[in-house]
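Reminder, nothing fancy here: chain letters follow the sequence lines and each chain counts from 1.
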Amino acid sequence: MSPECLIVAAVLLPLISAALVVACHQRPNLRETVTLVSGGLLLAIVGRLTGSVDARPAINLVDVIPGSIDQAAIAIGFHAEPLGLLFALVASGLWIATSVYSIGYMRSHGEQHQTRFFCCFAVAIGAVMGIAFARNLLTLFLFYEVLTLSTYPLVTHHGSEAAKRAGRTYLGILMGTSIVGLLLAILWTWQLAGTLEFKAGGILDGHVDPLTAGLLLALFAFGTGKAALMPLHRWLPAAMVAPTPVSALLHAVAVVKAGVFTILKVGVYIFGIDLLGRGGSSVWLMYVAAATLLSASLVALTRDNLKERLAYSTISQLAYIVLGMSLATKSSVIGGGMHIVMHACGKITLFFCAGAILVGAHKTRVSQLDGLGRKMPWTFAAFTIAALSVIGLPPMGGCWSKWLLALGTVEMGQWPLLAVLMISSLLNVAYLMPIPLRAFFREPPETDDESPGTGEAPLACVIPLCLTAAGCVVLFFCADPIYQFLSSITWK
Amino acid sequence: MNLEQLPILQVILPLLAAPCCLLLRRSRLAWGFAVLVSCSSLLIAATQLHIIHHSASGSISYEIGGWAAPWGIEYRLDRLGGLVLLVLTAIAAVTLSVARRLLQEEVPEERHHLFFATFLLCLAGLSGIVSTGDLFNVFVFLEIASLSSYVLISMGRSRRALVAAFQYLVMGTIGSTFILIGIGLAYMMTGTLNMADLAQRLTMTLDSVYAEGASIENPALPVNQTRTILAAFAFLTVGLALKLALFPLHAWLPNAYATAPTVVSTFLAGTSTKVAYYVLLRVTFTIFGLAFTFGQVGLQFLLTPLAIMAILVASTIAIYQGDIRRILAYSSVAQIGYLVLGLSFATQAGLTAGIVHLFNHALMKSGLFLVVGCIATRQAGLTLESIRGLGRRMPLTMAAFVVGGLGLIGVPLTSGFISKWLLVSAALESGRWLVAVLVVTGSLLAVVYVWRVVEAAYFLEPDDKTTSEPHDAPAGLLAAAWVLLGATLVFGIYTDLPVGVAREAAASLMGVGS
Amino acid sequence: MILLSLLVATAVAIILLRDLFAAVMLSGIFSLLSAGLFVVMDAVDVAFTEAAVGAGIATVLMLGTLTQTSTRERPAPRLDWSALVVVVLTGTALVIGTLDMPAYGDPTAPIHQHVAPAYIAQNVGKQSGRSETDDDDFQGHVPNMVTAILASYRGYDTLGELAVIFTAGVGVMLLLSGLPPTAGDTPETNPAESEAGVDA
Amino acid sequence: MGLFNYWTVIVLMMVGFYTVIARNNLIKTMIGLGIFQVSVFMLYISMGKIADGTAPIRVQPSAGHEAIYSNPLPHVLILTAIVVGVATTALGLALIIRIREAYGSIEEDEILEMDRNS
């Protein structure tokens, strides 16, 4: 298959698998097999594509908005470039892990509507592929909306009143920002540049003055609600009512990363790093990101609910990536891109662990975890590794991306930001490390000694979380290939 | 067949078919005949649009009875008219083909033939309005269309339909009387009723329209700067705004659409306001002209705020409705706001957006009302409470609703997105920032009212768990709904037909190009 | 002038009357008066139609309706300010519109210059010195110009007019074709009244 | 006469219009609609009138004198419009009869009140 066909296949495969999942709704085993097989196939396809990325294969499917006198037609089209490919690789790789994990989790929890769950999951992955490979802003916007809509049923999965309320917040913020902000920004870009294609070096250079660029960037940054920049972050903690696999893949990887990926991609291919760096139009974004980063970490400290604490941690980590883009130096942008991978791997592990704790020990609060490490050693070992990676300590992958980001602040001479990064890392330690420490070193409370179900979660849950934890370590050693892979995006 | 006779055939066919329908008496026969007629109309409309689109002049003209314009009545169709006719006849054909099934619950069988006759008359009236190039003839056909729609609406199952029809009758008659006054005043100052002739004479000076030796104060004044013409324009516009249900003259519409038989809501939602919009375009652009409407009168300063109010207020009201049909009806009022907004920009891009939205919204809203009809075949209640869990009971039906709803919101790949895209980019192009923001805010409100239905159907459990077995609407009905809503998907992806034709039509309305 | 004053008086009386029967009769008189006015203004055909249709048919229809419903207006009529404002605004707009109008009866008005002369010339071609052969559609066979135009140049409007009547006829049949009212609903009428309506 | 004729017609029109929008009684509304429409017809006919003209029916020419005819076109239009008006009235009255059957009232506020309560 030609690379062009592979891209289309990568987008369609999850969607086809979603249809198959619905078709097999009577037979759960077959249904889960479909999910796993498509996960494997998808990873293979995306893997094959990495080989041909230098050629930048691109394909247009259909013209959606016909061109007029001064504006080009806009098509639904895909292309493969390093940043998107990396994102696709992460999402497809972790989809397999999550699928295995969800099978264990959903069955041992006896959840309702499992077919709807797996179907929507597959559609969401398809949307992520679409976002990763989008050739222009319209295509990206399309799949961005598909992702929002397909994850809504996952968020409200329990159907309880709380879940529905959370679902409304989720949909309201994500849809609202995307329509009012993102769509408007896209249209404005179209008016200014006459095209929406992602081009190396950007398309806006020469069409805008710094002030307009700043405003446009603001529309993009706040229009992308999925990036959870404060004050538009509320949907993320709300979405934690979802089953843990959903929180793990979608709210640690797919959805939020789709947000920051959009911002990165807009920064690199629409504005161009030169334009951002030169005009200083992104300076304000640095401070918003820095503020988000710090305050989210502080809020995370105060949360006792494990998943909620992780959610605030995610908000803070996303801000790192936005910060990387807004610094607009080569190393910071690459650092931002790399942080997508590193954080994805770390955070998904943390969520897996949270889910495993829920399944194995029925605990949701940090304060309930005392002494649990002895009963669930694998889970908490994985948790420790992932936490270290998120904090950014060697020998975990997370240290490289943070290093590059710090380098970026130094290059720009933004010393206060460097300080912010350092403080935030300390805060990371403060809110993440107590969890394994409590689990391993505190005595378990004596009252519920005899409570049943205190052991490891099912194997289907434990194996994926060990694998992703191992991934965090492996990434430490793979950082250079990723760096090389990404470094081509910043040049024209 | 002689293709030159098509324009008249378009109107005469349903007009003469109506009495035939009456004679057939048997419900099934009359229905079959009506379907046949509407399908032929569709065919004629498609052929006409094809001819127009490929003709050099971009329009066809037909002199009725061979009496030359401006003495006789002329039929004149350009791309815009062709497009509107196509939508009109397509919706009529689809609606009629399922009408019998839908009517079973709502109108006793022995009155079906009367119903179909009225339906065809309505179709004839609407086609006549679009085709004619004579202002008074517009009034006559407007009355045919209006009278038949009053009757059709009054056929609704509940007695509220009667009141709604009466209110509509009063409002509609006021509207058409205003239009009649406007026509009269315009005729008074020009001496003609033919639209093209009228447009030309309006720009002449007073001394050339008066006879020699008349005592006029200001002989060099162009006719269109007289107060009389100004009043004519005002009355025409207000009358049309009533027919169009432009905010704040929309009061009749929600009641009418929500109580009429679903066949009727389906048909009227997609056609009658669209045709009124068409006439508004004709009046503002073809007859009075750009310079008069937007330069001298400054209609945009009135229409833009009204359109935005329509979008925001009607969408907000839609959010608080408990009945699906009322939600859709208020949404229609909002969508009319989008149409008028496109017009009020007075730019080619804005006009294109308006025309494209006319096309798209007609398909969407008819499709959605048809879905409501589908639901009504299976259960009596159409409130948000009673459709709880319907996503599982009628999966295909509700899926169609979701498609239409996404179109109303303007999600990409639906045709609703294309029209909003064009509208917002037209606003940006002319530097109307605030308008652009308000338009997207309107979409946001659409998210809310559409989502309330979707949430009820998919994510709320029914109060009484009577049956959870899938039990979709009858296949024919479902197919018709999917044809219309599928078309919104197709035209959301392959946009050449509506956008291409609309661009050319807008160009000719603006006086650019041909 | 007298006719006009009478018309205004009648119209005002109609508003003020609470007795619907009298109001209907007055509206018949209103139609008759206006028919008289039409004659004064040379529109004999229109006058004839108005007398027959407006004063005759419409009044009969109204009376027929009154027999089915009540003949008194329930609440005492009072002044509706919002309606008054709308009406005054509309009226003002119209009056302003008249300021630039050609005076009543002005033979030089635009309306008499374009299109209309050709119609008249068709009928009285001989007198205006036009040749009888080439452009004379009627050759003087139809003395009434209104009829001639109605059936020829604007014959299509007349067809439309027929369609309007037909529509109304079908509509009335649909509404009142002797079927039990509003099946599936619970009207709050007593049976006697419903039956009275059915016999219409 | 100048414009006086037009103004009186306008006054009539507005009396009719007021009756339509202000009256509560459905039959009164229809009567108002009738007055409104007939006044518009008068407007049309007024503009067709030519001073010293005769009705547009061909008269035998008397020597040396050519008859002035009033404009026939407004008459034609109004003939159509009268019929349209009566058709509307008929339909409106039929609706009133049905409303009376269904609600037992022909007062608009009472009817709306009933709808709200049911």
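Interatomic distance, A/Leu138 CG to B/Phe417 CZ, rounded to the nearest 0.5 Å: 4.5 Å. The line from CG of A/Leu142 to OG1 of B/Thr414 is 9.5 Å long, rounded to the nearest 0.5 Å. For the atom pair CG of A/Leu183 and NZ of B/Lys420, the computed distance is 10.0 Å after rounding to the nearest 0.5 Å.
Atom CZ of A/Arg116 sits in a crowded spot, with more than 12 heavy atoms from other residues, nucleotides or ligands closer than 6.0 Å.
Proximity to chain B (any heavy atom under 4.5 Å) is restricted, for A/Ile74, to the side chain, taken from C-beta onward. Contacts between A/Leu61 and chain B at a heavy-atom distance below 4.5 Å are absent for every atom of the residue. In this structure, the portions of B/Ile493 lying under 4.5 Å from any heavy atom of chain A include both its backbone and its side chain. Heavy atoms of A/Leu187 lying under 4.5 Å from chain B belong to its backbone as well as its side chain. For B/Tyr458, the part lying near chain A is the backbone, with the side chain staying farther off; criterion is any non-hydrogen pair under 4.5 Å. Of the atoms belonging to A/Val62, it is side-chain heavy atoms, and not backbone ones, that fall under 4.5 Å from chain B.
A 4.5 Å side-chain heavy-atom check between A/Trp190 and B/Leu428 finds every atom pair outside the cut-off. Within the 4.5 Å cutoff, side-chain heavy atoms of B/Ile409 are placed close to those of A/Ile179.
For chain A, the option among B/Thr441, B/Val424, B/Val448, B/Asp496 with the highest count of heavy-atom pairs below 4.5 Å is B/Val424.
Remark: side-chain polar atoms of B/Glu429 are not paired, donor with acceptor, to backbone N or O of A/Gln191 under 3.5 angstrom.
The aromatic ring centroids of B/Trp451 and A/Tyr152 lie less than 6.0 Å from each other.
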